[in-house]
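Hydrogens, waters and symmetry mates play no part in the numbers below; they use all other heavy atoms, side chains included. Positions are given from 1 along the sequence.
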Amino acid sequence: MINSVSAMEDDDIIVSETNLLTGNSVHNIASDTTNDDIQSIIDNANSGDTIQFNDKSYDNISIVVNKRLNIVSTKGSTIKTSDSISQKAESMGIDKSFGFYFTKLASGSVLKGITLTGNSDYEIFVEGGTDISISNNTISGGKSAGIHLNNSRNIIVKNNNVKNSFNGIYLGNVNESVIDGNRIFSNENIGLVLRNTASNDITNNRIYSNNLDGVLLEDSQTNNILKNNITNNRVSGIRLEGTTSYNMIKYNNISSNSINIFANSFTKYDEITRNTLMYAKTAFNTYTGYDNTGSAIYFGDNYETVNKGKMLLSYNSIGFNEQWDAKTDMSNLRVEIGANWYFDNDGNYAIGHICPMIFGSALSASSFKHLSMGFSADGDGVFGQLYEGSKARGAGEFTVDNVNIDGVDYGSVKVDSNGRLNLDLKKLKAGSKITVTINGHSFTVNVEKDLESIPKDNYQDSETNQNNYESGVPLGSGTNSKISGNGTGSGTGSQSGTGSGEGNFTGSGISVGDLSGQSNAGIGDSGENGGGSASEGAKAYEILKEENAPTSAKNSQLFAVVGVALVILVIALGYRSKNKDEFIDNDETYEL
């Protein structure tokens with residue numbers, strides 16, 4: 001039964017898509033309408049018309065959409081797609097079965113509010129289209145893919161559930177499109193495939209429990225993979241293959257996969273930053289060996305970089321992975337790792353979980369970069385902040401299980417992507433001890449000076465101001481032109497004279513605005529004050545000064561020697577797996 005009306009009069013028909021046109025004809029499709037009749041309606045409809053499915057279920061549907069149409073259901077209709085190729089498809093030379101096939105002429109169409117299920121090759125296929133919106137659908141099935149986009153641009157795939165397909169969503173030669181807010185799970189192969197793509201935004205998706213990888217990024221560039229939860233996929237969370245360049249992988253939670261990130265591409269300036277890379281699990285029967293699983297990031301045999309280490313791997317929160325925080329093979333000696341947060345303040349925890357091939361070839365324990373956590377006052381409260389040297393940094397979000405200050409527990413606190421942990425506390429005095437516990441691992445901050453309150457507007461923690469801060473803008477008053485960095489610096493003080501000093505650590509612990517050696521009258525090493533008045537800012541105090549550091553942290557050169565020795569050992573033994581079951585920190589032993 002086919003019923004066409006001349007105008008859209010039912011408010012339920014109007015959905016919030018910019019592509020939808022009002023005032024055009026609405027064609028109501030009943031459940032007893034044959035597939036050929038539905039195809040005839042579509043072939044004879046005008047551009048901008050609405051095809052509305054009103055009933056609960058439809059069987060054996062395979063429709064070619066060849067003009068701009070709004071295909072919607074206000075009743076949550078279930079359409080069982082056909083596994084046969086329709087006469088229309090055969091006449092167009094299409095040799096695969098599908099539910100809905102959008103041609104180039106269908107640019108501007110909408111598909112919304114429908115459940116698609118069946119055993120067709122593709123539930124939804126877009127070929128050569130632009131400005132097509134696929135939203136609020138449930139797609140279950142598809143022997144090749146649930147949603148396949150090919151040679152298309154500016155496609156929006158939003159708020160869909162895609163499950164039980166071979167690949168969930170597949171993009172091939174697709175540019176400037178948005179994959180946002182979808183749940184992509186329990187697919188037989190890969191959740192989301194991006195192959196030969198550019199300038200797509202992959203945001204706010206939940207990609208989990210897929211049988212191979214969560215995301216495959218292959219021969220693609222300038223894609224943004226942001227703010228996704230990519231978890232519990234059987235092999236990799238994200239896998240990079242072929243040639244990848246200028247892709248941004250940022251602010252994602254990529255956790256509890258066998259390998260959270262598998263970097264196996266010729267990379268040109270890809271950026272992996274501020275992600276949470278935790279709880280990777282060991283697994284057998286994967287496309288890579290058991291020894292490589294349980295890794296936060298694994299650099300595969302095909303990994304190669306431009307100009308040695310131009311992939312940026314920095315400011316991620318990495319920890320509690322079953323085997324490795326970073327792993328590479330003997331065939332790959334071109335790995336570089338920036339500063340990341342490894343859940344303690346001296347890097348000792350991480351050193352035990354970094355593959356010795358990385359230390360033996362590209363890093364040394366003495367130069368190993370890591371973030372630390374300091375604390376400071378903020379108005380009437382206290383905040384924690386991740387730092388690289390004296391510069392505040394963001395990182396992947398994570399949760400502190402408990403913060404204990406002078407014997408009092410304050411419970412769980414989240415560290416946000418700006419690297420900031422907020423506590424509702426009064427000012428702390430010198431001698432206070434702050435113990436942070438994460439997944440059973442604890443470390444202690446010794447407050448060495450009174451934490452004086454500062455006006456909140458003097459602390460810059462927005463993304464824009466963070467960039468200013470990282471480039472050397474002091475947070476306190478005064479006219480110093482730079483925050484002290486790695487090396488000797490000099491500057492003009494706010495009140496008296498000039499000074500110079502070593503710029504690695506200023507003042508006591510990690511100092512953000514206490515710029516001794518730069519703004520003081522007189523000359524002295526960092527931490528010494530001359531006779532002038534220093535510019536004041538937010539003060540942050542690190543966990544451990546050098547004299548309070550554990551022996552293992554002081555003897556960092558020993559780790560370098562051990563790393564090289566381990567390289568020689570693993571070469572002799574055929575590079576057997578190194579399973580680090582326990583580590584020593586602050587004179588206590590913790591079981592993982």
Side-chain angles (χ1 to χ4, degrees), residues 81 83 95-99 101 116-127 134 137-152 155 157 160-174 177 179 182-197 200 202 205-220 223 225 228-242 244 247 249 252 254-265 280-281 283-290 292-293 295 298 300-302:
T81 61
D83 59 1
D95 60 358
K96 299 292 185 181
S97 61
F98 53 81
Y101 186 101
L116 291 169
T117 184
N119 198 33
S120 57
D121 293 306
Y122 305 96
E123 297 300 300
I124 300 169
F125 197 104
V126 176
E127 177 61 56
I134 300 169
N137 305 288
T138 294
I139 293 96
S140 179
K143 289 183 290 187
S144 293
I147 300 174
H148 187 110
L149 312 179
N150 193 54
N151 295 318
S152 301
I155 309 298
V157 180
N160 303 281
N161 292 330
V162 185
K163 60 182 180 179
N164 301 327
S165 305
F166 182 69
N167 294 312
I169 301 176
Y170 186 105
L171 280 65
N173 298 297
V174 172
S177 295
I179 311 297
N182 303 282
R183 292 174 64 215
I184 309 169
F185 62 101
S186 299
N187 294 290
E188 183 180 344
N189 194 44
I190 298 170
L192 173 63
V193 178
L194 294 96
R195 183 168 282 141
N196 298 310
T197 65
N200 299 288
I202 313 301
N205 301 284
R206 292 180 58 200
I207 304 173
Y208 61 97
S209 299
N210 297 288
N211 193 48
L212 199 62
D213 303 321
V215 177
L216 171 62
L217 185 66
E218 182 173 5
D219 293 324
S220 296
N223 296 286
I225 302 177
N228 302 281
N229 270 294
I230 305 172
T231 60
N232 289 293
N233 298 285
R234 193 176 68 85
V235 189
S236 298
I238 296 180
R239 175 159 58 109
L240 285 70
E241 296 281 0
T244 58
N247 296 290
I249 300 173
N252 302 283
I254 311 170
S255 297
S256 301
N257 309 282
S258 296
I259 301 170
N260 287 328
I261 295 179
F262 182 16
N264 198 40
S265 65
K281 301 174 288 190
F284 293 97
N285 301 320
T286 66
Y287 52 70
T288 184
Y290 171 86
N292 302 322
T293 63
S295 299
Y298 167 57
D301 291 341
N302 296 323

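Of all the heavy atoms in S177 and N200, the pair that sits closest is N-OD1, 2.8 Å. Residues I259 and N292 come closest through the heavy atom pair CG1-O, 3.6 Å. The shortest heavy-atom contact between N164 and S140 is ND2-OG, 3.5 Å. Residues I238 and I254 share a closest heavy-atom pair of CD1-CD1, 3.6 Å. Taking both residues in full, the closest heavy atoms of S258 and A280 are given as O-CB, 3.8 Å, listed atom of the first, atom of the second, then distance. Considering all non-hydrogen atoms of both residues, S220 and L194 come closest at OG-O, 3.4 Å.
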### Candidate pair I134 and V126, rule side-chain contact (heavy atoms from CB on, under 4.5 Å), full reasoning
CA-CA 10 Å; I134 300 169; V126 176; 4.1 Å; yes

#### Entry: Residue pair S144, Y170: steps toward the side-chain hydrogen bond (donor to acceptor under 3.5 Å, both in side chains) verdict
CA-CA 9 Å; S144 293; Y170 186 105; over 6 Å; no

### Task
Any chance you could lay out the side-chain hydrogen bond (donor to acceptor under 3.5 Å, both in side chains) test for D213 and N233, step after step, and finish with the verdict?
CA-CA 6 Å; D213 303 321; N233 298 285; over 6 Å; no

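Looking at N150, its side chain never comes within 3.5 Å of a backbone N or O of N173 through a donor-acceptor pair. Judged by distance alone, the side chain of S120 and the main-chain N or O of G142 form no donor-acceptor pair under 3.5 Å. A side-chain donor-acceptor contact under 3.5 Å links N257 to the backbone of N232. At least one donor-acceptor pair closer than 3.5 Å links the side chain of K281 to the backbone N or O of S256. In this structure, the side chain of N210 engages the main chain of N187 through a donor-acceptor pair within 3.5 Å. For N223 (side chain) and I202 (main-chain N/O), no donor-acceptor pair under 3.5 Å exists by modelled atom type.
With values rounded to the nearest 0.5 angstrom, T293 atom OG1 is found 11.0 Å from N260 atom CG. Remark: Y208 OH to F185 CZ distance equals 4.0 Å, nearest 0.5 Å. Here the CD atom belonging to E241 is positioned 6.0 Å from the CZ atom belonging to F262, to the nearest 0.5 angstrom. Atoms CD and CG, on E218 and N196 in that order, are 7.5 Å from each other to the nearest 0.5 Å. Distance check: N302 CG to L240 CG gives 12.0 Å after rounding to the nearest 0.5 Å. Rounding to the nearest 0.5 Å gives a distance of 3.5 Å between CD1 of I169 and CD1 of I184.
Contact of the K143 side chain with the N119 side chain is registered, since non-hydrogen atoms from C-beta on lie closer than 4.5 Å. For the pair I155 and L171, the minimum side-chain heavy-atom distance is 4.5 Å or more. Using a 4.5 Å heavy-atom threshold, the side chains of I147 and E123 count as separate. Considering only heavy atoms from C-beta on, N252 comes within 4.5 Å of I225 through its side chain.
For Y287 and S236, the side-chain atoms include at least one donor-acceptor pair closer than 3.5 Å.
Of the residues N228, N137, N205, N161, the one that meets the side-chain hydrogen bond (donor to acceptor under 3.5 Å, both in side chains) test with N182 is N205. Just one of I190, N189, D121, N211 meets the side-chain contact (heavy atoms from CB on, under 4.5 Å) condition when paired with F166; it is N189.
Ring-plane geometry between H148 and Y122 is classed as perpendicular, the angle between the planes exceeding 60 degrees on a 0 to 90 degree scale with a lower cut at 30.
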